[in-house]
Amino acid sequence: MTFILDPAEPTESPLLAGLNPRQREAVEYRGQALLIVAGAGSGKTSVLTRRVASLIETQEAWPSQILAITFTNKAAAEMRERVEALLGQAAQGMWISTFHSACVRILRREAEYFGYGKNFTIYDSADSRALIKRIIKQLEADAFGFTVGQVAGKISKLKNELSDVESYARGANFNDPQERIFLEIFREYSRSLRAANAFDFDDLIGQTVYLFRAFPQVAALYQRRFRHILVDEYQDTNHAQYALIRELTRSPQTDLLEGATGFDGSVLKDPTRPLDPASLTVVGDSDQSIYAFRGADIRNIVEFERDYVGAKVVLLEQNYRSTQNILSAANAVIGNNFDRIDKKLFTTVGDGEKITGFTGYSQHDEAQFIADEITELHRQGVEYRDIAVFYRTNAQTRALEEIFIRSALPYRVLGGTKFYERAEIKDAFGYLIAVANPDDPMALRRIMNVPKRGIGGVTEATLQNWADREGVTLREAMRHADEMGFGPKITAAVLGLVAILDEVSLVADTAPVPEILIALLEKTGFVEALRATGNPQDEARAENVEELVAQTREYRVRNPEGTLLEFLTETSLVAAADELDDSSGTVSLMTLHTAKGLEYEAVFLTGVEEGLLPHQMSASEPGGPAEERRLFYVGITRARRRLYLSLAMTRAQFGEVNVAMPSRYLQEIPPELIDWRQSPGMANSRGGTQPRALNARRGGFGVEPSLGAGYAGSVGPGATALARAARAAQPKTEWASKVTNTVRDNGDLTLAAGDRIRHVDFGDGKVTAVTGVGPKSVAEVQFESAGRKRLLIKISPIEKL
DNA sequence: CGAGGCGTAATTTTT
DNA sequence: TTACGCCTCG
């Protein structure tokens, strides 16, 4: 295929098919720097992939000269697929990954330049916190009011700004004891990480920048290799990430490259040929900047034109995702943020349906509405996988999950308490890490007494002291356990453990991961010990460990050459959104932060209340409410056709019930765009004057008709018509106000169509159908006053009449 | 050393 | 409400 590059004769590359003029410009522009300001849903992924494909297709670049940074691993995989589909061939050697993955790759290759081993461990936040906790205790810094969270936050912030212990010390005020102690903690933390041959999340970026700055010949190698750098979600980059890109887009000092070897190990050809700096394309939208709390600096995008003089800016405002009603709401909300470049999303697909609003009496009530609405959407033909429920905090999942389980809705929670955060899984990982990186004492401490070997705190401290005195690692100290005066039982336990670890360590670089894990589990009797307790929870834990074994097998299949180190890297860098499985037929539940970059046919945005959105904690932070508004904006713009905004009048927190107020952001949406099934006013006047009558109702009776009718009339004049309309549309639906918290078990209660049952919340009803088998069987019930529901027979609060 | 009991603190958001 | 940490007892 040949291309005529004469602009006078426009050619139709298939890569440009279906793009609007702005998008084309973003694909075709060639120059040092390009900023694509891409509003939500403006097709930026498409533009980005086509831009990469076009660079390769025109032979302006080899795939290996391209570095594309995305926000999640999933986005990276998707982008690779789409580029390859556009080109009709595999694009070998292209780096498409997250900042963190790219940096790990560089660090593994270059670690030895600055005194780390290739086999370094990556500490996740929990590991960092555990280490900090230990240091605080050791330095008795808790007496100065230091908490783990504070210290971890401060260290992370400093690292994101590329400060290290020395630079912080230079600016520190040593008269302030707080600051002196903090410095001591910071110093000890950094020292421990180095001694453990470990990096924390922030180090991955920061240390790569340090590597480039300290070793220009290393930087030159990457500057020479990457000729085109593309960064997605640029508005959420922090200073360290900005600096990394800055380093990569400098002109390579080619004289440093003479005699250097390239990435395939061969001597570089023509290394001293002068090169321009790599071209840089960044894509972002300052209205979607939601990560200021982890150091994202909106100035990176706002000042892009100043940083890269002569940069071209392309604005994408046409939205291809949502209906006009949804966009109008989004525009109205974000318009309240001052100090922004005005940008109005528009579409040509038409108004679409109105936004649906609902105010529940409690979070359970709200959840019930969502479950019922999802059931209805599904009945109308919307797939579960095209529906998502968003919330501000992970704690909000509880009520939702409870109701979803009861309603037999298939769902999946992204992020939250992850599989990898379970204690037994972390223990198993402790073994793997101990084998991969013998210098890491954190992993060792974690597994020292798992399963129980009689090695307690005293033994551990003795070992650690011995190690410190001899200047060796904890692992080495364990090999000398017979020199420390332990009893025979403990000596044998320590020596036995270290022998297992040393033995398996020998094959850590070569053996398949499942084999390594199984060897460790068998030799230590970990799973066996869990099974032996007879405790059903331990049985579940044993199953989780088995599940991990299965996952390593899957990894092996996916990645036949994959080493233990690569497996550990991959698992430490999974993002919440990476867990998404497009082929699963489930509703997705996630936080608003996780939702960034995703889109769904129908979106439920829950807990739109003061204190939650905006969150209480953001109120005192400068720029907090504005960032929360952007978060709300991100949530709204995820929806293609249907958007639901819901809130609750009361929300239980720490077991206490608090009154909630509608979010200030709700008022920013023009009222005519929202169709309130139950507005805050309606819920308030009813719930406020007669709360107990409704909330306390138990047993088989529906809401008395007189109550409902009476209150519909007493709502304010403006709301009356709406209230009546809502009532007319759903004459029989009354939402349960509260659901009992205890998990019931109806044993092997069986129901059949035609049976009459009584539900604690919904009253009496008739079973219309039963589907599924055993504990998963679901009854479809037509209630007299609560409408049609699907119930999981085994656990629903029901009795047969 | 380890299990069990009691008291208090915690919930923003994440790679 | 839960989870973790600290304390005491076996």
Side-chain angles (χ1 to χ4, degrees), chain A residues 69-76 97-104 122-130 133 137 142 147-149 152-153 156 159-160 199-206 233 236-238 240-241 289-296 390-399 414-418 421 423 448-449 451-460 486-487 489-490 493 533 535 569 571-578 590-596 607 611-621 624 627-628 630-632 634-635 651-658 741-742:
Chain A
I69 302 288
T70 58
F71 207 67
T72 63
N73 296 299
K74 180 161 185 285
S97 71
T98 63
F99 268 108
H100 293 267
S101 302
C103 286
V104 171
I122 301 164
Y123 280 8
D124 66 17
S125 333
D127 298 328
S128 301
R129 294 173 65 101
K133 183 184 255 177
K137 208 170 214 176
D142 41 351
T147 67
V148 178
S156 172
K159 288 189 175 188
N160 285 331
F199 293 109
D200 66 19
F201 275 140
D202 302 313
D203 280 340
L204 295 178
I205 316 287
E233 308 284 6
D236 280 324
T237 50
N238 60 35
Q241 292 165 331
S289 164
I290 55 173
Y291 280 103
F293 71 92
R294 71 172 196 207
F390 301 155
Y391 37 81
R392 176 67 231 271
T393 68
N394 286 117
Q396 289 167 252
T397 52
R398 213 161 277 156
L414 301 188
T417 325
K418 289 176 215 134
E421 284 168 13
M448 193 97 70
N449 200 31
K452 301 251 185 308
R453 312 185 163 85
I455 306 176
V458 179
T459 309
E460 187 198 302
F486 296 132
K489 216 178 120 202
I490 291 189
T533 64
N535 178 341
T569 304
T571 48
S572 9
L573 296 180
V574 284
D578 294 334
M590 69 191 87
T591 65
L592 283 163
H593 284 88
T594 303
K596 187 173 75 155
L612 215 48
L613 191 71
H615 196 275
Q616 199 67 57
M617 292 292 147
S618 74
S620 54
E621 289 164 20
E627 173 141 325
E628 300 280 308
R630 290 195 291 271
L631 199 50
F632 187 47
V634 165
R651 194 164 288 272
Q653 217 181 180
F654 309 140
E656 272 190 33
V657 187
N658 298 309
N741 284 323
T742 48

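Computed over heavy atoms, backbone and side chain alike; hydrogens, waters and symmetry mates excluded. Chain letters run A, B, ... following the sequence lines, proteins first and then strands; every chain starts at 1.
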Nearest-angstrom distance from the residue atom CG of A:Asp202 to P of B:dT14
15 Å

Can you see if the side chain of A:Asn160 gets near the phosphate of B:dT15 - specifically, an N or O under 4.0 Å from OP1 or OP2?
no

Check nucleotides 4-6 of chain C for protein N or O atoms closer than 3.5 Å to its own N or O atoms and list the pairs.
unit_1 : atom_1 : unit_2   : atom_2 : d
C:dG5  : OP1    : A:Lys133 : NZ     : 2.7

In Å, rounded to the nearest 0.5 Å, how long is the span from CD of A:Glu233 to OG1 of A:Thr70?
9.0 Å

How long is the span from the OG1 atom in A:Thr569 to the NE2 atom in A:His100, to the nearest 0.5 Å?
13.5 Å

Please report the interatomic distance CD1(A:Ile69) to OG(A:Ser97), rounded to the nearest 0.5 Å.
5.0 Å

OG1 (A:Thr98) and NZ (A:Lys74) are apart, to the nearest 0.5 Å, by 14.5 Å

Side chain of A:Thr72, base of B:dT15: donor and acceptor closer than 3.5 Å?
no

Are any side-chain N or O atoms of A:Arg453 and backbone N or O atoms of A:Met448, one a donor and one an acceptor, separated by less than 3.5 Å?
yes

Where the side chain of A:His100 is defined as all heavy atoms beyond and including C-beta, which of B:dC1, B:dG2, B:dT15 is the nearest nucleotide?
B:dT15

Just by protein heavy atoms under 4.0 Å, how would nucleotides 5-13 of chain B read 5' to 3' in B, S and -?
-----BBBB

Flag, side chain of A:Tyr391 to backbone of A:Met590, donor-acceptor distance under 3.5 Å
yes

Output field: ring centroids A:Phe293/A:His615 closer than 6.0 Å
no

Who passes salt bridge (charged side-chain N to carboxylate O under 4.0 Å, His left out) against A:Asp236, sequence neighbours left out?
A:Lys596

Rounded distance (Å) that lies between atom C1' of B:dG2 and atom CG of A:Asn449:
9 Å

